[in-house]
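Keep in mind the model is a prediction, meaning the values are calculated, not measured.
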Amino acid sequence: MTEEHAAIRRVPVETDSPSGATNAYLVGADRTLLIDPGTRSDALDAALADRTVTHVAATHHHRDHVGAVADYARAHDATVWCRAGRAADFAAAAGIDPDRTFREGTTIPIGDGVEVLGLPGHAPEHVGFAVDGGVLAGDLVVAEGSVAVAAPEGDLRAYCTSLRRLHATAPSRLYPGHGPVVDDPRATCRRLLRHRLARERRIRAAVADGAETVDEVLGAAYEKDLTGVRELARATVRAHLEKLAVEGAVAWDGTRARPA
């Protein structure tokens, strides 16, 4: 457990995510907003022992971010929040119905207020939380490597727009869903954008050279060993092809790709 800011505490908990852990965040002091409790853990229980959890929310409702929402909400009689229009999906994933919903600009009443930012891409309901000292950015960013943006839920056009939005607003810190705090937000956003655009160039080149199916594009566009992550890579290729098709850069019918 590490304290990253006077009003923000990060508690990594073991989950079945590819990184092996998901960051739960405690925002506020005595009255606390708990964000992204992926599992119940001794470390998180200890961090909450002297606090009153009044609100529980998640950046998105993938299981490694909402697995313990119900446990902590019931234990603390806290208000559960989710993205407006996604209540049924949230309840199915978290095992509890939300009490309230948020959308872009909603303020959760903790401290001076925690503002919700719409940051879709990794998932359609994905949000961030603007707090004193930065943005809790979920699975939009990581300090090293990259995050999954995979079809059918992942939307690369939305993801790149969300990265550009954070780059433009230039928060002092980004608090990601996995791994350490990001102290250079703008440089990290640029790095992640460069990574996506470099992959996109390789996919466009593969299609131009005659690759049509997802597996053909995959074989031409990826140089690294995909053992254990091949299905994720295939879903990522699909997300890229969908983006390129919307932009008119390739023709893609869901099965075969061709140069536009």
Heavy atoms, side chains only, cut-off 4.5 Å: are Thr79 and Thr54 in contact?
no
Check whether any side-chain heavy atom of Cys160 sits under 4.5 Å from a side-chain heavy atom of Leu193, and report yes or no.
yes
Got Leu34 and Leu44 here, is their nearest side-chain heavy-atom distance under 4.5 Å?
yes
Are the side chain of Asp64 and the backbone N or O of Ala21 linked by a donor-acceptor pair below 3.5 Å?
no
Backbone N/O of Tyr159 and side chain of His122: donor-acceptor pair under 3.5 Å
no
Output field: ring centroids His126/His62 closer than 6.0 Å
no
Taking the six-membered ring for Trp, are His60 and His65 parallel (under 30°), tilted (30 to 60°) or perpendicular (over 60°)?
tilted
Has Arg63 got a side-chain atom pairing as donor or acceptor with Asp16's backbone, closer than 3.5 angstrom?
no
Donor-acceptor contact present, side-chain Thr39 to main-chain Thr15, <3.5 Å:
no
Could I get the full list of salt bridge (Lys or Arg N to Asp or Glu O under 4.0 Å) partners for Arg40, not counting sequence neighbours?
Asp45
Tell me if a side-chain donor or acceptor on Arg238 pairs with a main-chain N or O of Gly254 at a distance below 3.5 Å.
yes
Determine, using the 4.5 Å side-chain heavy-atom cutoff (strictly less than), whether Val131 and Val127 are members of one ILVMFWY cluster.
yes
Just do the side-chain contact (heavy atoms from CB on, under 4.5 Å) check on Arg51 and His76 with the steps written out, would you?
CA-CA 9 Å; Arg51 295 169 181 250; His76 292 265; over 6 Å; no
Go through the steps for Asp132 and Asp112 under the test side-chain contact (heavy atoms from CB on, under 4.5 Å), then give the verdict.
CA-CA 8 Å; Asp132 178 27; Asp112 294 331; 6.0 Å; no
Applying the side chain to side chain contact (heavy atoms under 4.5 Å, CB included) test to Thr22, which of Ser17, Pro37, Pro12 qualifies?
Ser17
Quick check: does any side chain N or O of Glu115 sit under 3.5 Å from a backbone N or O of Ala130, one acting as donor and the other as acceptor?
no
Output yes when a side-chain donor or acceptor of Arg186 lies under 3.5 Å from a complementary backbone atom of His167, and no otherwise.
yes
Using modelled atom types and a 3.5 Å cut-off, is there a donor and acceptor pairing between side-chain atoms of Arg31 and backbone atoms of Thr52?
no
Connected to Ile203, directly or through other members, by ILVMFWY side-chain contacts below 4.5 Å are Val207, Val214, Val217, Leu218, Tyr222, Leu226, Val229, Val237, Leu241, Leu244, Val250, Trp252
May I ask you to say whether Asp215 pairs ionically with Arg230, meaning some side-chain N is under 4.0 Å from a carboxylate O?
yes
Is there a path from Val53 to Ile96 through hydrophobic residues (I, L, V, M, F, W, Y) whose side chains come within less than 4.5 Å of each other?
yes
Considering only heavy atoms from C-beta outward, does the side chain of Tyr175 approach that of Ile35 to under 4.5 Å?
no
Any side-chain heavy-atom pair of His240 and Arg204 under 4.5 Å
no
For Arg191 and Ala143, indicate whether the former's side chain and the latter's backbone hold a donor-acceptor pair under 3.5 Å.
yes
Does the side chain of Val141 reach to within under 4.5 Å of the side chain of Leu192, using non-hydrogen atoms?
yes
For Phe90 and Thr101: C-alpha separation, side-chain torsions, deciding distance, then whether side-chain contact (heavy atoms from CB on, under 4.5 Å) applies.
CA-CA 11 Å; Phe90 174 88; Thr101 60; over 6 Å; no
Show, in sequence, the C-alpha distance, side-chain angles and deciding distance for Leu140 and Leu163, and conclude whether the side-chain contact (heavy atoms from CB on, under 4.5 Å) test is met.
CA-CA 7 Å; Leu140 182 67; Leu163 283 176; 4.0 Å; yes
So if you build clusters from Ile, Leu, Val, Met, Phe, Trp, Tyr with side-chain heavy-atom gaps below 4.5 Å, do Val135 and Val182 land together?
yes
List the atom of Asp36, the atom of Ala58, and the distance in Å for their closest heavy-atom pair.
OD1-CA, 3.1 Å
Pairing of Arg173 and Asp183 as salt bridge, 4.0 angstrom limit:
yes
Shared hydrophobic cluster, Leu117 / Ile8 (ILVMFWY, side-chain heavy atoms < 4.5 Å)
no
Identify the two heavy atoms, one from Gly38 and one from Val13, that lie closest to each other, and give their separation to 0.1 Å.
N-CG2, 4.1 Å
Compare every heavy atom of Ala221 with every heavy atom of Arg202, then report the nearest pair and how far apart it is.
NE-O, 3.2 Å
Close side-chain approach of Phe102 and Arg83, heavy atoms under 4.5 Å
yes
Linking directly or through intermediates, with side-chain heavy atoms under 4.5 Å: list the remaining ILVMFWY members grouped with Leu197, chain and number order.
none
Heavy atoms of Thr188 and Val142 approach each other most closely as CG2-O, 3.5 Å
With a 4.5 Å limit on heavy-atom distance, are the side chains of Glu125 and Asp89 in contact?
no
